[in-house]
**Q** 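First, the structure itself, so that you have it in front of you.
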There are 2 protein chains.
Amino acid sequence: MNEILEKSDPLLDRLKQVVGAGHVVTEAEALAPRLIDWRKRYQGAARCMVEPATTAEVAAVVRACAETGTAIVPQGGHTGLVGGSTPFEDGRAVILSTRRLNRIRDLDAANNTITVEAGCILQHIQQAADEADRLFPLSLAAEGTCQIGGNLSTNAGGLNVLRYGNAREQVLGLEVVLADGQVWDGLRRLRKDNTGYDLKQLFIGAEGTLGIITAAVLKLHPKPREVATAMVAVRDPAAALDLLNELQEATAQSVVSFELMPRLGIDLAVKHVAAAQDPLANRPEWYALVEVSGGSGDGDLKAALERTLMEAYEAGTVADAAPAENAAQREAFWHLREAIVEAQRHEGASIKHDIAVPVSSVPAFLDRALAKVRDMIPSVRPVPFGHLGDGNLHFNLTQPEDADADAFLARWEEVNAAVHDIVHAFGGSISAEHGVGRMKVGEIQRFKPPVEIEMMRAIKHTLDPQNIMNPGKVVEV
Amino acid sequence: MNEILEKSDPLLDRLKQVVGAGHVVTEAEALAPRLIDWRKRYQGAARCMVEPATTAEVAAVVRACAETGTAIVPQGGHTGLVGGSTPFEDGRAVILSTRRLNRIRDLDAANNTITVEAGCILQHIQQAADEADRLFPLSLAAEGTCQIGGNLSTNAGGLNVLRYGNAREQVLGLEVVLADGQVWDGLRRLRKDNTGYDLKQLFIGAEGTLGIITAAVLKLHPKPREVATAMVAVRDPAAALDLLNELQEATAQSVVSFELMPRLGIDLAVKHVAAAQDPLANRPEWYALVEVSGGSGDGDLKAALERTLMEAYEAGTVADAAPAENAAQREAFWHLREAIVEAQRHEGASIKHDIAVPVSSVPAFLDRALAKVRDMIPSVRPVPFGHLGDGNLHFNLTQPEDADADAFLARWEEVNAAVHDIVHAFGGSISAEHGVGRMKVGEIQRFKPPVEIEMMRAIKHTLDPQNIMNPGKVVEV
């Protein structure tokens, strides 16, 4: 049946002419993993997956789709958490995979730039930078799989935002295939350029709804000569904030990561994840994993970190601290932090949030949001953790012990809504780093001013009048 | 005559109702300085200047103009260098001054943010941050006069871009009055927010052509505990680049400023400007003014700077260096750097450029551009200086000695075109930090891909369909 349909489908024939028959994928088995999202919340269908190898091929694919009014769902590593790269159930869209656009086109160490194609895996870019004695700082859990095109299209955050900014801040230039198949070569390698509207900013974080990013010029940094890490028992989230600001001043803003973790997160990690160990005694309620990098390489940074921790200990904001004495200890601390996500899975279902509030509002937000969810579900087990330095918490709630997982998950929307209302009251964001995708298209409309939604719609309509670029994601038209 | 016109003008009557009669300025004497640009290249005219004091008043002014199809020219400190805030000669536009929108609405030290209105003078924002033990890093020559609304609308650069980024990088949120008079409240105070298109980026650097920025949330930073400065004799621009990269690595990217200056610039400064002194002997061809900031406050940063300079001396890239031993010496070095602009005025006319190329291309660009202008005007006296760390040079040409100033200036466009062609060949920008305004509307069209100009026009048309927001600037519709 599939074969017959294919043979009679002029669009598929044309796509095969563009990319070669072997790169228009229609076999159910090969397509299956591209039709369901990472968290397995959305199961879609697609006409085919097309795998162009060059920007010109992407442009030809988009032209073919534009002429037939066919929806295009761009897909990189397909590791997104909000269904942004998963096609809808109607099966009419073409998935455009960027995986073959995987060349590093240029690395200019003296200019501190690297020019990469959208399908380059994040880790490969990190490695290429490292081999040139440079740092590409974007780093997140999926880095071995995710592709830079997706990172830029979702304005990815991750672990080093405090020091180096979000994905947006890494970009100097973009190459984009527009909705009519035209190629915009905006691959500038400049630190300053005030010759008109900064159009690249529109495509960063647009999740493929305005055009397809095919290549980018990214900033590189010098490799830090020294990294110093400590696991710290903080009195409470407010004390953690004080410590963060003191550390920023004492180390001239060298804080790369400042991750907050609650007692329960540590307990679950130690209980369920191999080699996860708690380096602190006396079971403190709140932990901060702190990392600074830079320095001149003669230990001054570690000394500054330890001096600041000692002052904080004397001031009562810090109850205990374990500096990492070597690389193995540093890795063990990070292993504990990363184990929290996995550990929650062993305790049943979780209701998740990816929220940000002003950094100064984190303590008050936590008070209110924790009280609210405990009011809604008395024996819920909250594990709020994450990037305190960015005001970004993964406010995750593990189901009560012995509760029914499905009954708990049935309250996802209700709990989300209540938490998001509190986030909004603090002027916060209901999607700090994961994006809107399919999951939050409706929810953002509850909070954004109508004039902002209208502007988004107007820009979408201007750049994609046929609504073929990842339609239904980010903003409804 | 003027009085009669006023009395019969329903728009002026309405504007007076909105802002009070005293804030609709029509007197020739009061208007005169608002009708000519800073460099006195453009002399315009205007129907009036209106001075709203609140965002609501700005919105009411824009609505009145929108309903009558009246052009609006937003004006802050009016210190721009490309005619962006100067009205055209036809006299039909209304100037909207932001000077009364001058409140600091909020300063949250724990969140490291300050919320300011568009008319706040840059220096006042720096001072407010300083009083809260924070740093607002944007710094440029006009900082005592320019307003933050203009800084953001032109994406201002200045002296600290290397460390802290352009004006764009300072912004977390914006409040904007749109072309139909609606107010968009996008005053977020968040480090992360991925809930849709990042619309604020469109208004930053748009020079008031898409809407009027009325307020902004800006990032603050910890005050650096230490600043170390040195005047350095570099072998040539390529050696300066090597030194820059070595310094960035040795100080963990603490380089705030890296300014290149040629022999002639130093000579003219010493000759013409009071208290400008050359701290180096042996008359080197190229100088770099280098400043690093941060550190832990115990002199480690100065030590790292001096160690790196010593290594560079041994490697032959640096011929001589004078570290600033105290604040007075540091000021004297900066005085010399700033004296270069003034000094050129004493030597007659100058043809100026504000260009950027990839940092790694600066030496090759200088070779070619200097050869070209010397070929065009054999005894021209080039004084290329500026922000080498950003690849941004003010490639300024002083007229030949004893030449006729007007005859020299008559070649402005011809020389600009030749230099810009070379800039373009290096993938550079013909307006690195000053913007497009009126001066470069035509010139950017020579270099930008047509598809980019088309996108700019489409976005302009979408957000300002009547073309009343600073029409004729940045992009022609």
Side-chain angles (χ1 to χ4, degrees), chain A residues 108 110-111 154-155 157 166 182 184-185 188-199 201-202 205-206 221-222 224 241 245 248-250 252-254 294-296 300 304 356 358-360 390-392 427-436 444 449 451-452 455-456 458-459 462 474-475, chain B residues 108 110-111 154-155 157 166 182 184-185 188-199 201-202 205-206 221-222 224 241 245 248-250 252-254 294-296 300 304 356 358-360 390-392 427-436 444 449 451-452 455-456 458-459 462 474-475:
Chain A
D108 181 347
N111 194 41
T154 57
N155 186 28
N166 292 291
Q182 286 192 84
W184 172 47
D185 179 355
R188 288 168 203 143
R189 305 189 297 134
L190 305 172
R191 304 280 156 173
K192 282 183 174 173
D193 178 25
N194 277 343
T195 55
Y197 308 152
D198 193 357
L199 298 172
Q201 306 291 352
L202 271 179
H221 299 265
L241 262 191
N245 275 320
Q248 287 288 43
E249 197 201 318
Q253 283 182 295
S254 298
S296 59
D300 53 349
V359 180
S360 53
D390 312 318
N392 173 202
S429 169
I430 65 160
S431 188
E433 56 177 13
H434 296 164
V436 177
I444 63 169
V451 64
E452 185 169 340
M455 268 196 284
M456 284 174 57
I459 284 163
T462 300
V474 184
V475 63
Chain B
D108 181 347
N111 194 43
T154 57
N155 186 27
N166 292 291
Q182 286 193 84
W184 172 47
D185 179 355
R188 288 169 202 141
R189 306 190 298 135
L190 306 171
R191 303 281 157 171
K192 283 183 174 173
D193 178 26
N194 277 343
T195 54
Y197 307 151
D198 193 357
L199 298 172
Q201 306 291 352
L202 270 180
H221 298 266
L241 262 191
N245 275 319
Q248 287 287 44
E249 197 202 319
Q253 282 183 295
S254 299
S296 58
D300 54 348
V359 180
S360 52
D390 312 318
N392 173 202
S429 169
I430 64 160
S431 187
E433 56 177 14
H434 296 164
V436 178
I444 64 168
V451 65
E452 185 169 342
M455 269 196 284
M456 286 174 57
I459 283 163
T462 299
V474 184
V475 62

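Bear in mind the structure is a predicted one, so any value in this text is a computation, not a measurement. Side chains included, hydrogens not; waters and symmetry mates left out as well; all remaining heavy atoms used. In what follows, every chain begins at residue 1, and chains take the letters A, B, ... in the order their sequences are listed.
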**Q** Between the side chain of B:Asn111 and the main-chain N/O of A:Val359, is any donor-acceptor distance below 3.5 Å?
**A**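 Indeed, once roles are kept as given, a pair shorter than 3.5 Å links the two residues.
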**Q** Is the shortest heavy-atom distance from the side chain of B:Met456 to the side chain of A:Leu199 under 4.5 Å?
**A** yes
**Q** Rounded to the nearest 0.5 Å, how far apart are CG of B:Asp193 and CD1 of A:Ile444?
**A**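 Rounded to the nearest 0.5 Å, the CG-CD1 separation comes to 9.5 Å.
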**Q** Quick check on B:Gln182 against chain A: is it the side chain, the backbone, both or neither that has a heavy atom closer than 4.5 Å?
**A** side chain
**Q** Where does B:Asp108 contact chain A at under 4.5 Å (heavy atoms): side chain, backbone, both or neither?
**A**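 For B:Asp108, the side chain is the part near chain A, not the backbone.
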**Q** Counting only heavy atoms closer than 4.5 Å, note whether B:Val436 contacts chain A via side chain, backbone, both or neither.
**A** both
**Q** With a 4.5 angstrom heavy-atom cut-off, could you sort out which part of B:Ser254 is near chain A: side chain, backbone, both or neither?
**A**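 Interface part for B:Ser254: neither.
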**Q** Between B:Asn245 and chain A, which part of the residue has a heavy atom less than 4.5 Å away: side chain, backbone, both or neither?
**A** side chain
**Q** Quick one: list whatever passes side chain to side chain donor-acceptor pair (under 3.5 Å) with A:Glu452, sequence neighbours left out.
**A** A:Lys448, B:Trp184, B:Arg188
**Q** With sequence neighbours left out, what residues match B:Ala252 under side chain to side chain contact (heavy atoms under 4.5 Å, CB included)?
**A** A:Arg163
**Q** Looking at B:Gln248, B:Arg189, B:Gln253, which has the largest count of heavy-atom pairs under 4.5 Å with chain A?
**A** B:Gln253
**Q** Would you say the side chain of B:Gln201 lies within less than 4.5 Å of the side chain of A:Leu202, judging by non-hydrogen atoms?
**A**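 The answer is no, as the side chains (C-beta and beyond) never meet within the 4.5 Å cut-off.
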**Q** Under a 4.5 Å heavy-atom cutoff, which of A:Glu249, A:His434, A:His221, A:Arg191 has the most pairs with chain B?
**A** A:Glu249
**Q** Just wondering, do A:Asn155 and B:Asp198 contact through their side chains at under 4.5 Å, heavy atoms?
**A**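 A side-chain contact is absent here, since even the closest heavy-atom pair is not under 4.5 Å.
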**Q** Below 4.5 Å, heavy-atom pairs only: which of B:Gly294, B:Ser360, B:Ala110, B:Ala206 has the largest tally toward chain A?
**A**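 Of the candidates given, the most pairs with chain A belong to B:Ser360.
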**Q** Tell me, for B:Ile430 versus chain A, whether the close heavy atoms (under 4.5 Å) come from the side chain, the backbone, both or neither.
**A** both
**Q** Can a donor-acceptor pair be found between the side chains of A:Thr462 and B:Thr462 at a distance below 3.5 Å?
**A** yes
**Q** With only heavy atoms counted, which part of A:Asn392 is less than 4.5 Å from chain B, the side chain, the backbone, both or neither?
**A**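 It is the side chain, since no backbone atom gets that close.
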**Q** Is the shortest heavy-atom distance from the side chain of B:Pro358 to the side chain of A:Leu190 under 4.5 Å?
**A** yes
**Q** Which one, A:Val474, A:Val475, A:Thr195, leads in non-hydrogen pairs under 4.5 Å with chain B?
**A**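 Counting heavy-atom pairs under 4.5 Å, the top option is A:Thr195.
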**Q** Does any non-hydrogen side-chain atom of B:Lys192 lie less than 4.5 Å from one of A:Asn166?
**A** yes
**Q** Heavy-atom pairs under 4.5 Å with chain B - which of A:Gly205, A:Gly427, A:Ala304, A:Ala250 has more of them than the others?
**A** A:Ala250
